[in-house]
Structures are given as structure tokens and as C-alpha cells.
Number of protein chains: 4
Amino acid sequence: MILNKSQVAQDKREAILDAALDLLASCGFHGFSIKQLADKAGVAAGTVYLYFTDREDLIRQLHSEIVQTIAEAVFVDNESSADLWDQYQLFCRNLWLFYASHPRVLLAKAQFDHLPPATLRSEIESAWHLFKPLSDLYEKGRSQGSIKPLSNHILFGLSIGSLAFIARQLLLGFEDIDTDQFELIVKASWDAISTQPTAIFE
Amino acid sequence: MILNKSQVAQDKREAILDAALDLLASCGFHGFSIKQLADKAGVAAGTVYLYFTDREDLIRQLHSEIVQTIAEAVFVDNESSADLWDQYQLFCRNLWLFYASHPRVLLAKAQFDHLPPATLRSEIESAWHLFKPLSDLYEKGRSQGSIKPLSNHILFGLSIGSLAFIARQLLLGFEDIDTDQFELIVKASWDAISTQPTAIFE
Amino acid sequence: MILNKSQVAQDKREAILDAALDLLASCGFHGFSIKQLADKAGVAAGTVYLYFTDREDLIRQLHSEIVQTIAEAVFVDNESSADLWDQYQLFCRNLWLFYASHPRVLLAKAQFDHLPPATLRSEIESAWHLFKPLSDLYEKGRSQGSIKPLSNHILFGLSIGSLAFIARQLLLGFEDIDTDQFELIVKASWDAISTQPTAIFE
Amino acid sequence: MILNKSQVAQDKREAILDAALDLLASCGFHGFSIKQLADKAGVAAGTVYLYFTDREDLIRQLHSEIVQTIAEAVFVDNESSADLWDQYQLFCRNLWLFYASHPRVLLAKAQFDHLPPATLRSEIESAWHLFKPLSDLYEKGRSQGSIKPLSNHILFGLSIGSLAFIARQLLLGFEDIDTDQFELIVKASWDAISTQPTAIFE
DNA sequence: CATGAATGAGCTTTCATTCAT
DNA sequence: CATGAATGAAAGCTCATTCAT
């Protein structure tokens with residue numbers, strides 16, 4: 001037996017979180033009952049409470065892991081000294097690749113983002129610190145004059161937010177896009193926030 | 001007008017839908033119980049079932065009315081022969097004014113848009129026909145070469161979708177923006193989809 | 001239909017409390033599940049929550065009714081100006097008759113009196129005001145010198161408390177006592193608190 | 001000695017019973033979970049089942065030890081040939097001292113005495129043989145004519161039962177009594193069962 | 001012997017829906 | 001038409017008990 005006890009426990013915890021991700025992605029919070037979750041994870045209902053204090057704790061931890069995973073994936077290989085447009089392209093490409101390979105995460109994340117106001121608000125807000133490279137990019141661009149003078153939240157909505165929205169649309173709508181189109185979309189979202197949009201196209 | 005809380009609901013069906021809007025905006029689907037709904041609407045729980053076959057039917061009808069109301073508000077005063085950029089500005093301004101005066105609708109709409117995949121999918125898709133003026137704008141722009149060659153879904157995500165996302169952020173985040181900033185945001189979202197973005201700034 | 005709606009409701013509330021009394025008397029708090037209670041009362045589990053906010057509320061109300069019922073029964077026909085010994089005899093006789101005809105109440109009361117410390121403590125303490133005629137008797141006797149100089153709690157334990165204890169023993173032990181013996185017990189418990197005990201016997 | 005918390009439990013069985021006594025005294029049967037018990041006893045939950053077949057068996061054995069311990073304490077130094085009143089005083093004093101030094105036992109005993117009828121009935125009844133010195137005292141007194149002609153159960157309720165009741169009241173009520181009062185209470189409870197009560201006071 | 005993770009029955013409570021009035 | 005008391009399935013959660021280690 002290669003795995004020791006704590007690894008087995010860790011595995012079970014992950015099995016539960018994985019099942020939760022599945023359930024959240026496919027049924028939303030509506031179908032998210034502990035019984036269903038336990039069934040999908042292949043454990044008894046009571047077992048869930050060995051790893052999480054209650055339903056809310058489970059959801060909170062799932063959210064935390066999802067956000068962290070996304071942030072890690074998006075900012076991998078980033079060099080903060082690089083050209084802003086290059087950085088931006090990298091972020092977009094990383095995000096896209098991640099979503100393509102982890103569609104459940106995208107769908108689940110959207111469920112969190114639209115919880116009844118004030119449910120996980122603080123967690124969602126505090127997650128922003130994980131996206132510091134993006135904030136830095138916006139900040140730097142604004143001070144250079146290469147990015148429009150709008151707040152980070154708004155710039156996010158115009159750029160990466162759009163991209164995530166589109167990714168979700170595609171996932172749900174079964175539409176598909178090729179690499180050329182993807183490049184165009186990234187440029188388009190850059191146009192939204194950049195002050196010299198056309199320069200990029202020529 | 002169902003969606004205006006200040007008007008006395010003219011009949012019970014409208015009172016119920018109005019109460020449902022309220023609840024959905026403030027509590028999401030989670031806190032949406034028929035008892036609460038009936039109380040808020042000033043009717044008995046059983047009465048709800050005289051106007052709607054069940055909970056799902058009520059939600060479906062609410063969605064339908066919300067989408068219709070939004071579409072009407074956004075496209076009022078539109079002249080399909082006008083300049084595309086002028087049309088776009090009008091749509092944005094209409095949308096913004098509507099959300100400012102009907103925040104509950106924005107919040108409720110977001111709840112619908114993030115229902116578990118496949119719950120209201122067909123309704124959401126079929127709602128697109130109400131947004132024909134927007135599709136037309138995209139179509140016309142694409143054929144003129146003034147709008148990027150991307151599908152309507154994607155263009156929507158880059159333009160109006162962004163705007164709605166930002167509006168929601170503001171509603172929830174207590175951030176506030178002035179008219180100048182709003183104009184800038186509209187231009188930014190136009191930059192995302194336009195092929196001659198800078199022309200607008202000069 | 002003679003009974004109006006509110007009477008029916010009252011009846012159901014009483015049916016539930018009556019079933020609760022039954023259950024508490026026969027099974028104690030251990031066997032006191034809402035499901036069992038509802039079954040015994042002939043209603044659905046959910047119905048209990050139409051009349052009581054939760055399990056604790058139900059128990060609290062049951063306790064309140066039990067204590068009030070006992071107090072009423074014990075002090076009926078009391079004349080506070082009467083001879084103390086006569087008053088005492090009346091209280092004992094009333095208590096005894098009540099328990100003989102309402103054994104479940106005695107058994108249930110004992111369950112309350114031995115709840116985990118601090119559960120219903122305040123209620124139990126506050127119930128003392130209902131036993132004012134008894135406190136008055138103790139007080140008067142003490143100031144006259146005809147009752148031993150001990151606190152009310154202690155006098156209670158020596159007199160009525162003993163009687164209740166004995167009644168419970170008999171109920172549980174199937175022992176039976178006749179009227180003569182009862183008279184003797186009453187005198188015995190009076191001896192415990194009186195300063196001139198023997199005077200009574202001759 | 002199991003019942004003395006300050007001594008390190010000498011083996012696990014004793015540790016478990018000691019923890020059970022603690023829990024029972026402080027939380028009653030309600031808060032008595034095997035997990036809590038095991039934690040308090042410093043063993044694993046499964047270990048409990050090595051020493052007791054199940055929860056009920058544990059409770060039964062705890063009851064048995066408690067009763068035995070009390071009986072031993074109450075009748076220590078008794079000389080069955082001594083004067084009845086002297087013997088009675090000794091019993092009372094022993095009981096009082098025991099309770100003062102082992103309040104948990106008093107509180108736990110009360111929990112047992114008010115279990116749902118028929119749960120521990122046979123145990124409770126069979127425990128009477130441990131109180132033989134007391135039965136003998138009653139018996140002797142009755143045949144001498146110095147104690148009232150009432151059954152042992154009833155005499156118990158009037159004398160020692162009262163004392164136990166009062167002791168519990170004091171424990172719970174934070175009331176306190178001094179030695180003089182204690183002497184008075186003992187005399188009072190003797191008055192209840194004696195045929196020559198006043199003789200004692202002069 | 002001892003552990004404690006795992007189980008699953010059973011608890012309290014909520015709520016969509018029905019139906020007698 | 002309208003009511004709201006009643007229902008009972010299903011939710012989140014606890015806990016006595018088992019068993020592989």
C-alpha cells in the first residue's frame with residue numbers, strides 16, 4: 001500500500017470537492033444536496049462532515065480552491081516586466097486553455113459569481129488579491145497612458161470579464177471557435193481597454 | 001408595468017410577479033419560497049397556483065416578462081437607418097438608464113443567466129429574437145466592414161454584455177460612475193467590436 | 001359543523017400537546033421525536049411547526065401548561081385565612097387527587113425537573129410564582145413559629161416534594177395505598193416541617 | 001475510586017466511566033455522545049466498545065457503580081445495634097458529606113432516577129438490596145413502634161429521599177446551608193417518619 | 001488491544017403543493 | 001376565485017456502531 005493514511009484522507013477530501021465541482025457545474029446550487037454530492041463522490045453522507053464542518057464550509061473551500069486554481073493557471077509564465085500587450089495575450093491564452101481543459105471550473109465559477117448578493121461576497125472580493133498581476137497590468141497601463149483611465153473593476157469587465165463571458169457562452173452554446181477567431185477576440189478585448197487599439201492590427 | 005414597484009399592482013398575477021422580482025433580486029433562487037412570495041404579494045400561498053401551474057412556470061413567466069421589458073426599454077426610439085455608432089450609443093444609454101431605475105431587474109436577470117445549464121436554456125436562447133435590432137446592427141456592421149467579423153454571441157459579449165457586467169458590478173460594489181466615465185465605457189465597448197475604434201476619440 | 005376554524009386549530013394544538021404529554025410520560029425526552037409525536041397526535045410532522053416554532057418551543061409550552069394545570073388543581077378551594085394545617089391538608093389532597101387522575105402529568109413533570117441543568121432552569125424557577133399560596137403558608141407558619149425556620153425550597157422538599165416523590169414511586173411501582181395510609185403520609189410530611197408535630201396525632 | 005475526578009483513572013474502563021459520570025452530571029443523557037465521552041476519557045470512540053457492549057450497557061454499569069458507591073459511603077461506620085436515631089443521623093451525615101465532595105454523583109443519580117419509566121427499572125429496584133441497613137432501620141423502628149407504620153418506599157421518600165432532593169436543590173440553586181441548618185433538616189426529616197418527633201428537640 | 005474513518009439510520013426543520021372550506 | 005391548514009418528501013446534520021488497519 002503506497003498511500004499512507006493522511007493521503008487517503010486527502011484523496012477523499014478531493015473526491016468530495018471534485019464531485020462538488022461536477023455537481024455545481026451541471027446543476028448549480030439548486031441540485032447541490034449533500035446526499036447527491038456524497039453519492040457522486042462515492043461516500044456516505046456523514047463522511048462529508050468528516051472533512052467539512054458544514055455545507056457552507058464545503059462551498060467556501062470549493063470556491064477558494066477554484067479561484068486559486070484559476071489564478072495560478074492564468075498567471076503562469078508571466079513576466080511582469082514584459083510588454084503589456086504581450087502579458088495580456090498570455091493571460092488570455094492561459095485562461096482560454098484552462099477553460100478548454102477544465103470547463104467545469106468555468107461553469108462552477110459562474111455559479112459563485114452570481115450567488116444571492118452578500119452570500120460569499122467577502123470571499124469573492126478578497127479573491128482579487130490573487131489577481132494582482134492583472135491589477136498591476138491595468139495600473140501600469142493607466143499610468144503609461146496606454147490603457148484607458150477606468151477603474152480596475154471596469155477594465156476587468158471590458159477585457160477578461162468579456163472573455164470569460166464568451167467562453168461560457170461557447171461552452172453552453174456548443175458554438176466553436178478556431179485559433180484565428182480567438183486571436184481576434186483577444187485583440188478585440190484589448191481594443192476595449194487600450195488607448196491605441198488600431199496600432200495592433202497593422 | 002410589473003417591474004415598477006412603486007405602482008400598485010393592478011391584479012394579483014402582476015402583484016405576484018412583482019413580488020417574485022423583488023425576492024429574486026434580493027435573495028436569489030435560494031431564498032425564494034412560495035410562502036414568502038405570497039406574503040410579499042399580499043395573497044395566500046394557494047392563490048399563486050391559480051395563476052401559475054407551479055414554481056417553475058412562475059419563474060419561466062417572470063423571465064419572459066423581464067426579458068421583454070428590457071428589450072423594449074433598450075430599443076425604444078431606435079431608428080434602424082441611423083448611423084451604427086449612434087444606434088449603439090442609444091442602446092447603451094437606454095440600457096444604463098433602465099438599470100439605474102430598475103436595479104431589481106438587473107439583479108434578477110443575472111440570476112436567470114446563471115441558472116444551472118439546461119434549466120431555462122431554451123427560453124434564454126429564444127429570447128434572442130427580441131434583440132433583433134442589436135443583431136441587425138451587428139450584421140450590418142459586419143457586412144460594411146465597420147464591425148469585426150465575429151459571431152453575434154461574441155460581439156454581444158464584447159459590447160453590451162460587458163456593459164451589463166459592469167452595471168452589475170457597480171450595483172453590488174457600491175462603486176459609482178459619472179456621465180463622463182459612462183461615455184468612456186460606452187466608447188470602450190464600441191472599440192472592442194469596431195474596426196475603426198480610434199476615430200471616435202478624436 | 002359546530003366547531004369554527006379557530007376551534008379546530010385549537011383542538012389540533014391540544015392534540016399535539018396531549019400526545020407530547022403522553023410521549024414524555026412514557027418515554028421521556030429520549031423517545032421524544034417530532035415524528036413519533038406527530039404520529040401519536042395523528043398529524044403530519046410538518047403540522048407541528050404550524051403551532052410551535054420549533055421543538056424547544058413545544059417543550060417550553062408543554063411545561064408551562066403542565067405547571068399551570070398542577071398549580072390550579074392544587075390550590076383550588078384554598079382560603080388563605082384558614083388554619084395552616086387545614087390548608088396544607090387541602091393542598092395535599094388536591095395534589096393527590098390530581099395525580100391519581102392525571103398520572104401522565106406527574107411523570108412528565110418529573111422529566112422536566114430533571115432536565116440537564118440549565119436547560120429550562122429559568123422557566124422552572126419562574127414557575128414558583130404560581131405556587132404563591134404555598135410560599136405564603138410557609139412564610140406565615142415560620143413567622144408564627146409553627147413551622148420550622150427553614151427556607152421555602154427546603155420546606156418544599158420536606159413536605160410537598162416528598163409527597164410528589166412518593167406519588168411517583170407508587171405510580172411506577174404499582175404499589176397502592178388506601179385513604180388511611182394517605183392521611184398518615186400527609187401527617188408525616190407535616191411533621192417534617194411543623195414545630196408541634198405530635199399535637200396532631202392525639 | 002472511579003467517582004473521584006482528581007485521581008488519575010487507573011485503567012481505561014475506569015477512565016471511560018469517570019468521563020461518563022462527568023458528562024451525565026453536566027449534560028444529562030441528552031448531550032451524552034460516545035464521541036464526546038471518548039474524547040473526555042482520552043480514548044478512541046471504538047475503544048469504548050472494547051469495554052462495553054453498547055451505550056446502554058455502559059449506562060447500566062455506570063448506574064450500578066454509582067449506586068454501590070453511594071451505598072458504601074452512606075453506611076460506612078454503621079453499627080446496626082446502635083440507637084435508631086443515631087444510626088439515622090449517621091446515614092444523613094454520610095450522605096451529605098458524600099454529596100458535598102462528589103456533586104457529580106448526585107447530579108448523575110438524579111438523571112438515572114428519572115429515566116423514562118421501564119428503562120432501568122429493574123436495576124433501580126434491585127439496587128434496594130444495597131440499602132439493607134436502611135431497610136433494617138425502618139423495619140426495626142416500625143416493629144418497635146418508634147417509626148410510623150408505612151412501607152419502606154414511603155418512609156424513604158419522607159426521609160432520605162427528601163434529603164437527597166434538598167441536596168440537589170442546593171447544588172443547582174447555588175443556595176448554601178450551614179451546619180446548624182443541616183442538623184435542623186435532619187431532625188425535620190426524622191420527624192416525618194418518627195412517632196415521637198418532639199422528643200428529639202428537647 | 002487500540003484506533004478513528006466510515007457508515008447510514010434517524011433527527012429536526014423547510015417548503016412546494018393540494019384541497020376542504 | 002381565494003384561502004391557508006395540512007401534507008410529506010427531502011433537506012442538512014448527528015451519532016451509535018463497525019471494522020480495516
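Naming convention: chains lettered A, B, ... in sequence-line order (proteins, then strands); numbering from 1 in each chain. Side chains are part of it too, since the values below use all heavy atoms of this structure and drop only hydrogens, waters and symmetry mates.
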Close N or O pairs between protein and nucleotides 9-11 of chain F (under 3.5 Å):
none

Sidechain N-carboxylate O distance under 4.0 Å for B:Lys40, B:Asp18
no

Report the distance from atom OH of B:Tyr51 to atom P of E:dT17, rounded to the nearest whole Å.
18 Å

Taking F:dT3, F:dC1, E:dT3 as options, the one with an atom nearest any side-chain atom of B:Thr47 is F:dT3

Hey, does the side chain of A:Lys12 come within less than 4.0 Å of E:dA6's phosphate (OP1/OP2), counting only N and O?
yes

Distance-only, no hydrogens or angles: does the B:Gln111 side chain make a donor-acceptor pair with backbone N or O of B:Ala25 under 3.5 Å?
no

Hey, does the side chain of B:Arg55 reach the backbone of B:Phe32 with a donor-acceptor pair shorter than 3.5 angstrom?
yes

Just verifying a value: how many Å separate D:Leu21 CG and D:His63 NE2, rounded to the nearest 0.5 Å?
12.0 Å

Counting only Watson-Crick pairs (N1-N3 plus N6-O4 or O6-N4) and G-U wobbles (N1-O2, O6-N3), all under 3.5 Å, who is the partner of F:dA16?
E:dT7

Nucleotide F:dC1, atom C1' - distance to CZ of B:Arg13 in whole Å:
17 Å

Over how many whole Å does the gap from C:Leu50 atom CG to F:dT7 atom P extend?
9 Å

Would you mind reading off the distance between B:Glu56 atom CD and E:dC15 atom P, rounded to a whole angstrom?
19 Å

Which one, F:dG12, E:dT18, E:dT7, comes nearest to the side chain of A:Val43?
E:dT7

Could you tell me how far apart D:Ile16 (CD1) and E:dA2 (C1') are, to the nearest whole angstrom?
11 Å

In whole angstrom, what separates D:Leu37's CG from F:dA16's P?
9 Å

NZ/NE/NH1/NH2 to OD/OE distance under 4.0 Å, C:Glu65 and C:Arg13:
yes

Watson-Crick/G-U partner (both atom distances under 3.5 Å) of E:dT14:
F:dA9

Is C:Gln36 reaching over with its side chain to a backbone N or O of C:Leu23, donor-acceptor style, under 3.5 angstrom?
no

Partner nucleotide, any strand, of E:dT21 [Watson-Crick/G-U, under 3.5 Å]:
F:dA2

D:Tyr49 side chain, from C-beta outward: closest of F:dT7, E:dG8, F:dT17
F:dT17

Which whole number of Å gives the distance between the C1' atom of E:dC1 and that of F:dT21?
13 Å

Which part of the nucleic acid, if any, lies within contact of A:Phe52, taking any heavy atom under 4.0 Å across all strands shown: a base, the sugar-phosphate backbone alone, or nothing?
nothing

Could you state the atom-to-atom distance from CG of D:Asp11 to C1' of E:dC1 in whole Å?
13 Å

Without swapping roles, check the side chain of A:Thr47 against the backbone of A:Val43 for a donor-acceptor pair under 3.5 Å.
no

Mapping B:His30 and A:Val48 to their closest nucleotides on DNA chain E, which lands nearer the 5' end?
A:Val48

